[in-house]
Amino acid sequence: MAAAAAACRLLRLAPRRLRSPRHSAPTALSLFPTPLSASSGWRSYCAAAQASAPPPAAAAAAAAGEAVGEFRRRLRVAEVKGGEDEGAAWVGKELTVRGWVRTCRAQRTVTFVEVNDGSCLSNMQCVLTPDTEGYDQIDCVTTGASVIVEGVVASSQGGKQKVELKVSKIVVIGESDPTSFPIQKKRASREFLRTVAHLRPRTNTFGAVARVRNALAFATHKFFQDNGFVWVSSPIITASDCEGAGEQFYVTTLLSNTAEGGCLVNNIPSKDGRVDWSQDFFCKPAFLTVSGQLNGETYASALSDIYTFGPTFRAENSNTSRHLAEFWMIEPELAFADLNDDMACASAYLQYVVKYILENCKEDMDFFNTWVEKGIIDRLSDVAEKNFVQMSYSDAIELLIRSNKKFEFPVKWGLDLQSEHERYITEVAFSGRPVIIRDYPKEIKAFYMRQNDDGKTVAAMDLLVPRVGELIGGSQREERLDHLEARLDESNLNKDSYWWYLDLRRYGSVPHAGFGLGFERLVQFATGIDNIRDAIPFPRVPGSAEF
C-alpha cells in the first residue's frame, strides 16, 4: 500500500493529464473528474499500482500496448484574467487553478487564498469556507505551498479584482514551512534575492522579468525568421578568441579531480616548462566562447542571412552592475551587405522587439512602470516610434567637446566612448532618440572590422539608447584577404589559429556585416532593472557560481 500511495502521489504531481476534459473551452480542464472512473488515467494508474497481479484483460492490453494520451494546453490564470473584461466572461464557469500560495488570510467564516501560477502578475483570489472539501488542510495552506483548487468563478466583492474563485475543493500538493520560507509578503532587497535565486522567480519582480525575457526571446526568433534568416547553433567550446582580449575561460581535462583535494600541480603534464596541451582532451588550448560571430560568418557565407542566439562567456574580473561571466548573445550575420544594411537591420530589430513587449506584456510593463522605473513605457514608446539618428564617431567627439560638460572620463579622438558619453548623446543631445555612432578609429575596434578608405577608421557602429548607452555593436566585416591578414598581424594574433576564417576570404568572399546584442542588457533596457545580475535567471559573477 505504501508503494501504491507513492505512485498516486507521483501521478498527482505529473505535469499533464491523460484523460478527456470534462468541459469544453473556455471552461477549464479539471484535474478532478466526478466520479473518478476506472478509465481515468489517475485512477487506473493507482489501481495498477495497488493490484498484486493484473487481471487477464489488463495483461492482454499491456502486452498489446496502449496509446499515449493526448497532450493539451493547460488553462492559465493569464487567460482568465488577461482579457479586457478581466475575467468577467468567466463568471459562473468552473475552473481549476494550479499554483503557489502567495498569501492566506483567515477570517471567522471565510478564508482568502491568493494563488499564482506564474502565467501573469495577477493572483487568483480563492475563497474557501469550512464546507470546502479539503478545508481540513487549511493549516498547510501557507506562503510558498503548492495547491490545486477547483471551484466556480464569481464576481469579486473586493475592489482589487473583478473575479474570484468560490472554491469547492482544495488539495495541498507541496507544503512550505512558513518559519523558514525566505520569501514573505514583506519586500526583500534584490541583493538578498540573488542569494536565493532558486526561489526569487516567485516574487512579482522576477516573475515579470522572466516573462518579459521570454517575450523578448520569442520576438527575436520571430523577427529573424520572418525576415528569412536561418538560426545557427554556434559552438560553446572554441579554440579562437573573437575579440582578441584574452579574457576567456579554459576548457581542459588536465586538472583531474580524482585525487583528494583536487589535482596536484605536479600532476599537470608539462613540456619545456609549459603545459603540454597535446595531452589535453582537444590536444590544444580550448576555451568557452566569447562570441558566436566568427562561426556565424561561415554559415552566412553559404546561407546568406543567419543569426546565432546562445550563451557566451567572459573571464573579466569585474564586479560592476554591467558585467556577467556568463551571458547570452544575439548575433545576426548578413551576406552581400554593408554597414548601412547592418544599421538598418539593427534598428528594425530593436523597434520590433520593443513594440512586441509593449503590446504583449502590458500587465508586466505597467508593473515596471509603477515599481521599477517610472516613465519606462514612454521611453520604450519613443524608441519604437522615433526614427534613429546616425553620426560619425568624429562628429560625436566634437559634439561632446562643444557641450562643455564635465565628464568623469576624458573626451578625445582615438579614445573609446564611455557609458556617460553615450548616455549624454542619446538622452540629452538627441532628447531620448536612439543614436548610431559609426566609423570608429581602427585601434579601438576588433581585427575583423572592415577598414575604411581613410586608413584610420573602420566600418563599425554602436547603437546607443537612453539609460543604457551602447546596446548593439556591429560592423561590416573585412572581406579582403590581404587587409584581414594585415590586421591580424597588427593585433599580434596568430594567423594559423584563424586559418578557417581566412579561408572564407579565399573561396567566394562577399561583403558582409553583422552585429552583436547582449541579451541581458536588452532585458535591462526593457524592464528598467538596474543591475544586470537581475536580468538573467542564475547570474555568474566573480566569486559566485551558485545554483
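What's counted below: heavy atoms across the whole structure, side chains too, no hydrogens, waters or symmetry copies.
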* Check against side-chain hydrogen bond (donor to acceptor under 3.5 Å, both in side chains), R379 and N369 -> CA-CA 10 Å; R379 173 168 64 80; N369 197 60; over 6 Å; no
Ion pair present between [X] and [Y], side-chain N to carboxylate O less than 4.0 angstrom?
| X | Y | result |
| --- | --- | --- |
| R433 | D382 | no |
| D117 | R76 | no |
| E333 | R477 | yes |
| K445 | D462 | yes |
| E420 | K406 | no |
| K355 | E359 | no |
| E479 | R505 | no |
| R190 | D530 | yes |

* **Non-hydrogen side-chain atoms of F327 and I532 separated by less than 4.5 Å** =>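 No. Closest side-chain heavy atoms not under 4.5 Å.
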* Asked: Quick one: are F515 and L463 in side-chain contact, heavy atoms under 4.5 Å?
  ->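 SC-SC contact between F515 and L463 ruled out.
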Got a second to check how far [X]'s [atom1] is from [Y]'s [atom2], nearest 0.5 Å?
| X | Y | atom1 | atom2 | answer |
| --- | --- | --- | --- | --- |
| L517 | I472 | CG | CD1 | 5.0 Å |
| I536 | Q524 | CD1 | CD | 11.0 Å |
| N404 | R402 | CG | CZ | 10.0 Å |
| R533 | L324 | CZ | CG | 7.5 Å |
| F388 | L350 | CZ | CG | 4.5 Å |
| K412 | I397 | NZ | CD1 | 11.0 Å |

Between [X] and [Y] (side chain of the first, backbone of the second, donor and acceptor by atom type, cut-off under 3.5 Å), is there such a pair?
| X | Y | answer |
| --- | --- | --- |
| R322 | N531 | no |
| K456 | N452 | no |
| D341 | D338 | yes |
| H323 | T320 | no |
| Q248 | T289 | no |
| R213 | A535 | yes |
| K374 | T370 | yes |

Heavy-atom pair with the smallest gap, counting every atom of [X] and [Y]:
| X | Y | answer |
| --- | --- | --- |
| W100 | R202 | CD1-NH1, 3.8 Å |
| V230 | L303 | CG1-CD1, 4.0 Å |
| Y501 | Q293 | OH-NE2, 4.1 Å |
| R506 | L481 | CG-CD2, 3.8 Å |
| T426 | L464 | OG1-O, 3.9 Å |
| I444 | G414 | CG2-O, 3.3 Å |

Ring-ring centroid check [X] [Y], cutoff 6.0 Å:
| X | Y | value |
| --- | --- | --- |
| H198 | F538 | no |
| F223 | Y356 | no |
| F287 | F313 | no |

* Give the intermediate values and the outcome of salt bridge (charged side-chain N to carboxylate O under 4.0 Å, His left out) for residues K162 and D85. => CA-CA 8 Å; K162 291 287 184 67; D85 63 357; over 6 Å; no
* **The single option from E114, E363, Q161 passing side-chain contact (heavy atoms from CB on, under 4.5 Å) against S122** =>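 Considering E114, E363, Q161, a side-chain contact (heavy atoms from CB on, under 4.5 Å) with S122 is found only for E363.
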Could you check whether the rings of [X] and [Y] sit parallel, tilted or perpendicular, using 30° and 60° as the cut-offs?
| X | Y | answer |
| --- | --- | --- |
| F407 | Y424 | perpendicular |
| Y307 | F229 | perpendicular |
| F519 | F309 | perpendicular |

* Going through the distances and angles, do T312 and V290 end up as a side chain to side chain contact (heavy atoms under 4.5 Å, CB included)? -> CA-CA 5 Å; T312 53; V290 299; 5.6 Å; no
In terms of heavy-atom contacts, does [atom1] of [X] have more than 12 from other residues, nucleotides or ligands at under 6.0 Å?
| X | atom1 | value |
| --- | --- | --- |
| W371 | CH2 | no |
| K405 | NZ | no |
| F336 | CZ | no |

Is it true that [Y] and [X] share a donor-acceptor pair across their side chains at a distance under 3.5 Å?
| X | Y | answer |
| --- | --- | --- |
| Y448 | E297 | no |
| T457 | D454 | yes |
| N295 | T298 | no |
| E470 | S419 | no |

* To do: Go through R480 and E485 one step at a time and tell me if the salt bridge (charged side-chain N to carboxylate O under 4.0 Å, His left out) criterion holds.
  => CA-CA 9 Å; R480 299 166 295 185; E485 288 181 323; over 6 Å; no
* To do: Let me see the working for W328 and E520 under side chain to side chain contact (heavy atoms under 4.5 Å, CB included), right down to the final yes or no.
  => CA-CA 7 Å; W328 286 64; E520 282 69 35; 3.7 Å; yes
* **Stepwise side-chain hydrogen bond (donor to acceptor under 3.5 Å, both in side chains) check, S291 with E331** => CA-CA 8 Å; S291 169; E331 297 176 288; 2.5 Å; yes
* Would M461 and I437 satisfy side chain to side chain contact (heavy atoms under 4.5 Å, CB included), going step by step from the backbone distance to the final call? -> CA-CA 5 Å; M461 67 93 179; I437 309 296; over 6 Å; no
* Stepwise side-chain hydrogen bond (donor to acceptor under 3.5 Å, both in side chains) test for N204 and R102 -> CA-CA 10 Å; N204 287 338; R102 288 293 179 86; 2.9 Å; yes
* To do: Could you please spell out the steps behind the side chain to side chain contact (heavy atoms under 4.5 Å, CB included) verdict for R450 and H512?
  => CA-CA 10 Å; R450 194 183 199 277; H512 59 290; over 6 Å; no
* To do: Kindly indicate whether a cation-pi arrangement holds for R487 with F447, taking the cut-offs as under 6.0 Å to the six-membered ring centre and within 45° of the axis.
  =>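 So R487 doesn't make the cation-pi contact.
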* **Among E427, E422, E373, the one residue meeting salt bridge (Lys or Arg N to Asp or Glu O under 4.0 Å) with R467** =>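 The single option meeting the salt bridge (Lys or Arg N to Asp or Glu O under 4.0 Å) with R467 is E373.
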